[in-house]
Asks: 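I have a structure here, written as structure tokens, and I will follow up with some questions on it.
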Amino acid sequence: AIKTNHELYSWGAGIEGNLGHNNTTNYSSPTQIPGSWSKVTKSGYNAKAVKTDGTLWAWGANTQGNLGLNDAIMYSSPVQIPGTTWRTVGGEMMHTWAIKTDGTLWGWGQNNAGVLGQNNNVQYSSPVQIPGTTWSHATTGGHPSYGGSIMATKTDGTLWAWGTGAKGQLGL
């Protein structure tokens, strides 16, 4: 949770370092993660967050390269993903997406059913740009066992969807 003063707190099960406190300890009350934060997303046993300075950070489980750090190593404290102009981040347990301030959309992690928008099923352990430059919002749908999906809007109001449509989530 992020407070209005940009302080980030986490609590609960510390499995695979997903709380960002440099350990795997369970916390029964909110404990601060140092820094000034603007956005956070938690999915499964990992978390990603954007600081107020536009840097992107990740921690926790990383078996699919879904932390974007070009490896598959578990991190129990926040580690910076390259770049300084990140606006927002989201995703689910096996893949992540993020939008930069220039409107570019990026994805990484497991790529079943082409959920990363690269017209392939190759897994990426560092951010790769999804075609286009006018993305305003994105969200994740589906379930990782089906490959997942991403729905995103552009600044012109058009809605785009890709990934698996196994359960009708693409709206096609």
Side-chain angles (χ1 to χ4, degrees), residues 1-2 4 6 8 18 20 35-44 46-72 75 78-172:
I2 298 176
T4 56
H6 303 288
L8 176 61
N18 66 314
S36 180
W37 304 90
S38 63
K39 302 282 184 190
V40 66
T41 187
K42 184 183 178 308
S43 47
N46 61 56
K48 283 78 68 174
V50 179
K51 284 190 170 184
T52 55
D53 65 1
T55 55
L56 180 58
W57 299 74
W59 59 93
N62 190 27
T63 57
Q64 305 295 323
N66 46 319
L67 295 185
L69 299 166
N70 203 30
D71 59 32
Y75 293 89
V79 178
Q80 185 178 352
I81 295 169
T84 58
T85 58
W86 300 99
R87 181 169 42 95
T88 191
V89 64
E92 53 103 87
M93 189 168 30
M94 300 298 192
H95 63 265
T96 304
W97 59 262
I99 300 175
K100 289 189 170 190
T101 56
D102 65 1
T104 56
L105 177 59
W106 299 75
W108 57 93
Q110 186 181 65
N111 193 23
N112 291 355
V115 72
L116 298 181
Q118 301 300 310
N119 201 28
N120 63 43
N121 289 327
V122 175
Q123 179 173 303
Y124 295 90
S125 60
S126 58
V128 292
Q129 186 177 347
I130 295 168
T133 58
T134 56
W135 299 102
S136 61
H137 181 74
T139 190
T140 303
H143 188 276
S145 61
Y146 298 115
S149 58
I150 294 179
M151 286 69 63
T153 55
K154 289 192 167 194
T155 54
D156 65 3
T158 56
L159 175 63
W160 298 73
W162 57 93
T164 186
K167 301 292 182 182
Q169 60 268 45
L170 297 182
L172 304 173

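Since the model is a prediction, treat every value here as computed from it, not as a measurement.
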Asks: Using a 3.5 Å cut-off and no angle test, enumerate the donor-acceptor pairs between side-chain atoms of residues 124-132 and protein atoms at least two apart in sequence or in another chain.
Replies:
| residue | atom | partner | partner atom | Å |
| --- | --- | --- | --- | --- |
| Tyr124 | OH | Asn120 | ND2 | 3.0 |
| Ser125 | OG | Asn70 | OD1 | 3.2 |
| Gln129 | NE2 | Gly132 | O | 3.2 |

Asks: Return the CH2 to CH2 distance between Trp97 and Trp108, rounded to the nearest 0.5 Å.
Replies: 9.5 Å
Asks: Could you go through the side-chain hydrogen bond (donor to acceptor under 3.5 Å, both in side chains) check for Thr88 and Trp86 one step at a time?
Replies: CA-CA 6 Å; Thr88 191; Trp86 300 99; over 6 Å; no
Asks: What closest approach, in Å, do Thr164 and Ser149 show between heavy atoms, and which atom pair accounts for it?
Replies: O-CB, 3.7 Å
Asks: When rounded to the nearest 0.5 angstrom, what distance separates OG1 in Thr104 from CZ in Arg87?
Replies: 9.0 Å
Asks: Compare every heavy atom of Leu105 with every heavy atom of Ala152, then report the nearest pair and how far apart it is.
Replies: CB-CD2, 4.3 Å
Asks: Using a 4.5 Å cut-off on heavy atoms from C-beta on, say whether the side chain of Asp102 contacts that of Thr133.
Replies: no
Asks: So, do Val89 and Leu56 sit near enough that their side-chain heavy atoms are less than 4.5 Å apart?
Replies: yes
Asks: Taking Ser136 for its side chain and Thr153 for its backbone only, find out whether a donor-acceptor pair lies under 3.5 Å.
Replies: yes
Asks: What pair of heavy atoms forms the shortest contact from Thr139 to His137, and how long is it?
Replies: CB-NE2, 4.4 Å
Asks: For the pair Met151 and Trp160, evaluate side-chain contact (heavy atoms from CB on, under 4.5 Å) and give the outcome as yes or no after the intermediate values.
Replies: CA-CA 6 Å; Met151 286 69 63; Trp160 298 73; over 6 Å; no
Asks: Go through the structure and list residues passing side chain to side chain contact (heavy atoms under 4.5 Å, CB included) with Asp71, not counting sequence neighbours.
Replies: Asn62, Leu69, Ile73, Tyr75
Asks: Any chance you could measure Ile2, atom CD1, to Ser36, atom OG, to the nearest 0.5 Å?
Replies: 9.0 Å
Asks: Looking at Gly44, is its backbone amide N or carbonyl O close enough to the side chain of Lys42 to form a donor-acceptor pair, meaning the two atoms are under 3.5 Å apart?
Replies: yes
Asks: Could you state the interatomic distance from CD (Gln110) to CD (Gln64), rounded to the nearest 0.5 Å?
Replies: 4.5 Å
Asks: Knowing that exactly one of Glu92, Lys48, His95 qualifies, which makes a side-chain hydrogen bond (donor to acceptor under 3.5 Å, both in side chains) with Ser43?
Replies: Lys48
Asks: Atom NZ in Lys100, atom OG1 in Thr84: separation rounded to 0.5 Å?
Replies: 7.5 Å
Asks: Let me confirm one number: the CD1-CH2 distance from Ile150 to Trp162, rounded to the nearest 0.5 Å.
Replies: 5.5 Å
Asks: Is there a donor-acceptor pair under 3.5 Å between the side chain of Asn111 and the backbone N or O of Leu116?
Replies: yes
Asks: Would the distance check show the side chain of Asn121 and the main-chain N or O of Gly114 forming a donor-acceptor pair, the cut-off being under 3.5 Å?
Replies: yes
Asks: With a 4.5 Å heavy-atom cut-off, do Asn46 and Leu67 have their side chains touching?
Replies: yes
Asks: Taking Thr96 for the side chain and Asn66 for the main chain, is one N or O donor matched with an acceptor at less than 3.5 Å?
Replies: yes
